[in-house]
Amino acid sequence: MLERILLTTVVLAAGWAAPAAAQTIYPINRAEILAGSKFDLKVEFPGAPMASDVKVTVNGKDAAEVFGKRPMIVEWEDGNKLTAYWLRNVSLPKAGKIEVEAKVGGKSEKVAWEVYGTPKRVAKNVIFFLGDGFSIAHRTAARIMSKGLHEGKYGGELSFDDMPHMALVSTAGTDSIVTDSANGMSAYMTGHKSCVNALGVYCASNKNTLDHPKVETMGDILRRKTKMSIGVVTNSEIEDATPAGVVAHTRKRSDFNDIVEMFYDVKPDVIMGGGSPNWLPKSTPGSKRKDETDYIKKFQDAGYAFVATKTEMNKAVAEGKTKILGLYNTGNIDGALDLKYLKKGSVSKFPDQPDVAEETRAAIAALSKNPDGFFLMVESARIDKYSHSLDPERALFDTIMLGNAVQAAKDFAAKHPDTLIIVTADHAHPVSIIGTYNDDTPGQTPREKLGTYAEAVEPNYGAVDAEGYPSNIDVSKRIGFAFGTSPDTCFNAKPYLDGENVPAVAGATKGTYVENPKACERPGAVHITGNLPFDASSGVHSGDDVLLTAMGPGSEALHGRIDNSYVFRVMATALGLAK
Amino acid sequence: MTDPHSGSFRKRISRRGFLAASLLLSTGRARAEAPTPLTFDTLYSEFGVRGLVFSPIVKASAGRAVSIVGYMAPPLKAEAAFFVLTREPLAICPFCQSDADWPSDIVVVRLAAASAIVSAGTRVTVTGRLEVGSAVDPDTGFVSQLRIVDAQYRRGP
Ligand SMILES: [Zn+2]
């Protein structure tokens, strides 16, 4: 045994002869930190050196002294060959440049942070809209569908297009060039970039998903420092990444039961979405909890009106309730196409669900009663989900719905000009308008029907209803809305009238997906060879920049190309949160 | 192509001849009865935000032999004696593959013996003994309301 240990040591020593892994410091280099906001300082010293040998300084002074706290130093943390140095829940009150240095033996590693202050508060309210996966082609195609395009000009503007400020937002995370909804939203809600699947944390080596170094979220800060009301509104499951981003700290976005608890810790005044099973005690059929906690009851006990339908939601608002928990579906709330026209999805089970615009109006009515102002996050979640499932019409209807929700905010801002409105996306999808599918051309298959360039004629969707949705999508001339990625699938370039597209299903070989045989039975369907790895079941996100539009006090700071994390800084500045 | 039919109850007995007498009795009864056909539409009499209510036929079938047609979803772990039966073939979000994302009306199937997995696009008929009520799988932590145990399956409705 002793021999083996010695041998290991020799191998280790040999390993260290090569360039050693450097100390890793969180928050990472080039972090921008809101003055006074809380964060966990963690340094990982590789090789598990002795606690007494590691040293961390902030602007040359011992970090423990600077933060007035004793560090926790853990050798072989979680069994990893590293020594972890922790100063949890610390903050830097003054703006300025900060240099953090981590030393062990002769090796030093440094990071630089910028701590920023905020001038006087200029916005009373902030409404932050996030179209999940909302890309340029969604925007353009929704405008064609909803406003019409004739002789090269549109019949009108979508509400989010018609704003004075616009920026191009880069969404990449700390780990890769393509982000997901978790770290995409986390950057907007904390001002710190993170890695795929993570919310409100930096991605360190910790084994427990809840132990990673935390940074404060917008929800945390507003609760701790202000009397403002907070609203979180979506049509996804409320525990899903985007709404969770307002309150959550976890390395793994699917920690849904923990995320419900994090909602309870912050207690946003208005919470609306789907996903009730994670709120129900384990013994209730349909529950996905692993404990007997009844979170609906806990919120009711904390003074919330619980509502499960649009009718109940509107009644609670009419009664002047200011704390509302609305869960309208066990899964995601159905998208606009199913809610309004096709009645597919889960509409038969949940016939009285609000759409995102109705939720937004209700949330604003409840939140705006607070004289100290409010922060509202609104997500149109299924633009992304329907783009994963390669279902253009559903994604575009939910883009139009996002426009209606933004219009509700603009209507409010018209009377309350001290409201900052921001509309953006967490990441892109590889989508593009490539022409028009025209059933008047001979043939049955998509390639025979696709008109490009001069043959990309104006589509003939049905007349637009009062909410801006075309009354018919099953028309002879449809937008050729192409997805740049897919698994093996079948495709016939027709709308999915019987329910959301399922491009691929799990194959017999574990971890692979094959074309959905049902999709191949559709008239004119052709086989499409996927261009994604074999474990992809649907389309994937893309690393393209996304667009942001904004109006109201503070929005003038949003222009040019910016990082997603900078948007947090703009909101924190408008609200004067560094004080 | 041969039907990847699961091992039968009898095979399990021969392999594990020390099975407790009580289990033998209960499963024996389940085999003796003609299975009650269930459908995904008749599992719950109420399906709401505040929870689901098992249908009378499900309550009456607890502990008894049932059959149901659905789609085999990929198991969470590479364990071929355990899979999830769904109403429709699933399109799974690539970033959220955990039990948190399953539809509410799934049925967990525990096969009498390990078996090959078929493509999720294939409809299968599962036969076995129905277990009713919330349970957490000790190995995977998977929460389920309805389970068909000592089960076998065949392709097609
Ligand atoms: Zn996505």
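Every heavy atom of this structure was used, including side-chain atoms; hydrogens, water molecules and symmetry mates were not. Protein chains get the first letters and strands the later ones, always in sequence-line order, with residue 1 at the start of each.
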Note to self: Given heavy-atom pairs under 4.5 angstrom as the criterion, report whether the side chain, backbone, both or neither of B:Glu46 touches chain A.
What the structure shows: neither
Next item on the list: Select one option (side chain, backbone, both, neither) describing which atoms of B:Val49 are under 4.5 Å from chain A's heavy atoms.
Entry: both
Check: In terms of heavy-atom pairs under 4.5 Å, which option from A:Gly499, A:Ser283, A:Pro277, A:Ser287 contacts chain B the most?
Finding: A:Ser287
Check: Counting heavy atoms not belonging to A:Lys315, are there more than 12 under 6.0 Å from its NZ?
Finding: no
Next item on the list: Name all residues meeting the side chain to side chain donor-acceptor pair (under 3.5 Å) criterion together with A:Asn332; count only those two or more places apart in sequence or in a different chain, and write none if there are none.
Entry: none
Notebook entry, point to check: Checking A:Leu280 against chain B: side chain, backbone, both or neither under 4.5 Å from a heavy atom?
Noted result: side chain
Item checked: Region of A:Lys518 in contact with chain B, defined by heavy-atom distances below 4.5 Å -> side chain
Next item on the list: Would you please name every residue forming a salt bridge (charged side-chain N to carboxylate O under 4.0 Å, His left out) with A:Asp334, sequence neighbours left out?
Entry: none
Notebook entry, point to check: salt bridge (Lys or Arg N to Asp or Glu O under 4.0 Å) between A:Lys385 and A:Asp391: does it pass, once the steps are laid out?
Noted result: CA-CA 9 Å; A:Lys385 296 188 191 299; A:Asp391 191 324; over 6 Å; no
Margin query: Does atom NZ (A:Lys297) have a neighbourhood of more than 12 heavy atoms from anything else shown, all under 6.0 Å?
Written below: no
Check: Among A:Pro285, A:Ser276, A:Gly286, which residue forms the greatest number of heavy-atom pairs with chain B at distances under 4.5 Å?
Finding: A:Pro285
